[in-house]
Amino acid sequence: MRLLVTGGAGFIGTNFVKYILRKYSDYEVLNLDKLTYAGNLENLKDLEGNQRHRFVRGDICDASVVERLVGEGVDAIVNFAAETHVDRSIEEPTAFVITNILGTQTLLTIAEKHKVRRYLQVSTDEVYGSLGEKDLFRETTPLAPSSPYSASKAAADLLVQAHYSTYELPGITTRCSNNYGPFQFPEKLLPLLISNAMNDQPLPIYGDGRHIRDWLYVEDHCRAIDLVLHRGKPGQVYNIGGGNEHQNLQVARLVLEILDKPESLITFVKDRPGHDRRYAIDASKIQNELGWCPVTPFEEGLRKTIAWYQNNKKWVADIQQGEYQNYYQKMYVHRDETLLKRL
Ligand code: NAD
Ligand code: DAU
């Protein structure tokens with residue numbers, strides 16, 4: 001099987017490419033990634049010399065590069081490539097519309113033209129908007145995105161659905177909750193908390209810190225995508241969740257406890273505009289139809305993740321130069337002047 005994986009130098013894509021190459025000794029992976037600020041070739045260093053993996057720097061919006069790769073005889077496409085950070089989408093939404101919508105459209109058109117056997121769109125639970133204290137996101141929950149990021153992902157999901165209905169393109173969409181694990185860019189909550197705590201820096205918590213996310217260990221997610229890719233039904237949506245609901249404040253406290261750091265590092269900052277209060281997934285469809293369930297308890301996954309960041313300080317330090325530093329400073333001028341002074 002020859003897979004085109006897009007966004008395979010980012011967090012989940014990196015984990016997925018390695019998972020697939022480990023699991024299937026006869027699979028080939030073409031890895032197409034633009035290497036935005038979030039893509040990192042360091043992640044793929046241990047694949048150098050692996051004849052079954054080929055990295056191509058390119059943009060999913062660029063039909064010529066996508067056409068060239070798919071034309072080499074690709075059996076399936078797994079699309080991870082996206083602009084992914086909600087806060088950035090609030091500051092600069094256009095890049096999200098371009099990559100997440102136009103990029104997906106480009107992949108779909110070319111997949112259809114070459115009659116690719118599977119197209120898997122990696123989407124997000126954020127397309128459903130926010131939950132109250134009860135209830136869970138089901139595949140039938142209406143789409144109600146709050147941020148430019150989630151709106152762009154919802155639009156892409158609808159394009160996948162439309163290509164199934166109109167052209168019979170065998171597209172499938174997965175919608176997962178918040179992933180955590182190795183190689184996550186330290187602008188996202190967990191790696192940010194871990195690296196700040198390791199360096200005795202403030203842990204910024206938006207609003208009252210009672211927002212809830214459903215944490216999914218990245219390897220459990222990769223296993224789910226693998227199953228959906230091979231056994232999922234075209235035209236369907238599958239929710240993937242960790243079954244690990246935690247308030248952000250609880251997560252911050254647990255990180256501090258594991259690292260033996262004081263709670264005084266927690267710093268409340270101005271809330272994110274349009275901040276969704278609670279996400280929680282009902283994963284019974286993938287469980288019942290494909291036999292998947294998450295196996296990593298949150299504390300175990302968190303300890304593994306923390307250990308990875310402790311063993312990869314240079315990976316984080318290299319990222320925290322240049323563009324990241326400018327972004328981080330800008331965010332905190334915007335969010336909270338006090339925090340900026342403490343940094
Ligand atoms: P990430 O930001 O770590 O990586 C995204 C990757 O896409 C980067 O390597 C980047 O260089 C690449 N990319 C961006 N624009 C591109 C373009 N135009 N052409 C080619 N490559 C491009 O993201 P992630 O956290 O690994 O997320 C992967 C996918 O999973 C995304 O589609 C995201 O919406 C979805 N998702 C993520 C989470 C999560 O918790 N991280 C949860 C739900 C869904
Ligand atoms: O739910 C899936 C989504 O999870 C993915 O689709 C997105 O790509 C991914 O970025 C993630 O979105 P979130 O907005 O949930 O993740 P983030 O890590 O930015 O924030 C998690 C929670 O922590 C959220 O309630 C906001 C809060 N937060 C975040 C940051 C960066 C803070 O309190 N402080 C912070 O500094």
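Numbering of ligands and ligand atoms starts at 1, following listing order.
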- Query: Within 45° of the six-membered ring axis of Y217 and under 6.0 Å from that ring's centre, is NZ or CZ of R223 located there?
  - Reply: no
- Message: Any heavy atom of A9 closer to ligand 1 than 4.0 angstrom?
- Response: yes
- Which part of V86 is near ligand 2, with near meaning a heavy atom under 4.0 Å away: side chain, backbone, both or neither? side chain
- Query: For residues E67 and H114, is any side-chain donor paired with an opposing acceptor at under 3.5 Å?
  - Reply: yes
- Should G10 be counted as touching ligand 1, given the test is an N or O pair under 3.5 Å? yes
- Task: For L192, take its heavy atoms, then give the atoms of ligand 2 lying under 4.0 Å from any of them.
- Result: 36 (O)
- Message: For ligand 1 and I12, I'd like to know whether there is a polar contact (N/O to N/O, distance under 3.5 Å).
- Response: yes
- Message: Under 4.0 Å, heavy-atom basis, I'd like to know which part of L189 is in contact with ligand 2: side chain, backbone, both or neither.
- Response: both
- Task: Go through the side-chain N and O atoms of Y128 and E126 and say whether any donor and acceptor fall under 3.5 Å apart.
- Result: no
- Heavy-atom distances under 4.0 Å are what count here, so tell me which part of N179 touches ligand 2: side chain, backbone, both or neither. neither
- Query: Any side-chain heavy atom of H53 within less than 4.5 Å of one from L21?
  - Reply: yes
- Note on the structure: Note: ligand 2 atoms sitting under 4.0 Å from heavy atoms of H85 are 19 (O)
- Is there a nitrogen or oxygen of K153 sitting under 3.5 Å from a nitrogen or oxygen of ligand 1? yes
- Query: For A95, is the nearest heavy atom under 4.0 Å from an atom of ligand 1?
  - Reply: no
- Item | Short side-chain donor-acceptor distance under 3.5 Å, T84 and K188 | yes
- Task: With heavy atoms only and a cut-off of under 4.0 Å, state how L35 meets ligand 1: side chain, backbone, both or neither.
- Result: backbone
- Below 3.5 angstrom, do we get any N/O pair linking N40 and ligand 1? no
- Per-residue contact class, E187 against ligand 2 - non-hydrogen pairs under 4.0 Å: backbone
- Task: Indicate whether any N or O donor in one side chain lies under 3.5 Å from an N or O acceptor in the other, for D220 and W292.
- Result: no
- So which of T124, I240, L216, N244 actually passes side-chain contact (heavy atoms from CB on, under 4.5 Å) with S177? L216
- Would one find an N or O of C61, backbone or side chain, under 3.5 Å from an N or O of ligand 1? no
- Between R52 and E28, is there a side-chain N and carboxylate O pair less than 4.0 Å apart? no
- Message: Below 3.5 Å, N or O to N or O, backbone or side chain included: is there any such pair between L32 and ligand 1?
- Response: no
- Query: What do you reckon, does T124 have a nitrogen or oxygen under 3.5 Å from a nitrogen or oxygen of ligand 2?
  - Reply: yes
- Looking only at distances, please establish whether an N/O atom of ligand 2 is found under 3.5 Å from an N/O atom of C176. no
- Query: So which of Y180, F183, Y149 gets nearest to atom 33 (C) of ligand 1, if we judge by its closest heavy atom?
  - Reply: Y149
- Regarding D157 and S123, is there a side-chain donor-to-acceptor distance under 3.5 Å anywhere? yes
- Query: Would you say the side-chain atoms of Y24 and D226 include a donor-acceptor pair closer than 3.5 Å?
  - Reply: yes
- Task: Please say whether N248 places an N or O atom under 3.5 Å from an N or O atom belonging to ligand 2.
- Result: yes
- Query: Would you say T36 has any N or O atom under 3.5 Å from an N or O of ligand 1, going by distance alone?
  - Reply: yes
- Message: Check this for me, if you would: do D282 and K285 make a salt bridge, where the nitrogen-to-carboxylate-oxygen distance has to be below 4.0 angstrom?
- Response: no
- Query: Of the choices L249, T84, V251, D125, which has the non-hydrogen atom that lies closest to atom 1 (O) of ligand 2?
  - Reply: D125
- Query: At a 4.0 Å cut-off, with the gap strictly under it, does some heavy atom of S123 reach an atom of ligand 1?
  - Reply: yes
- Cation-pi check, R213 onto Y279 ring (under 6.0 Å, within 45° of axis): yes
- Task: May I ask you to say whether E187 pairs ionically with R88, meaning some side-chain N is under 4.0 Å from a carboxylate O?
- Result: yes
- Query: Should T84 be counted as touching ligand 1, given the test is an N or O pair under 3.5 Å?
  - Reply: yes
- Query: Would you say ligand 1 has an N or O under 3.5 Å from any N or O of T124?
  - Reply: no
- Query: Is the shortest distance from a Lys or Arg side-chain nitrogen in R57 or D33 to a carboxylate oxygen in the other one below 4.0 Å?
  - Reply: no
- Can you figure out which of R278, R175, R272, K188 has its heavy atom closest to atom 20 (O) of ligand 2? R272
- Query: Would a line drawn from the ring center of F16 to the ring center of F80 be shorter than 6.0 Å?
  - Reply: yes
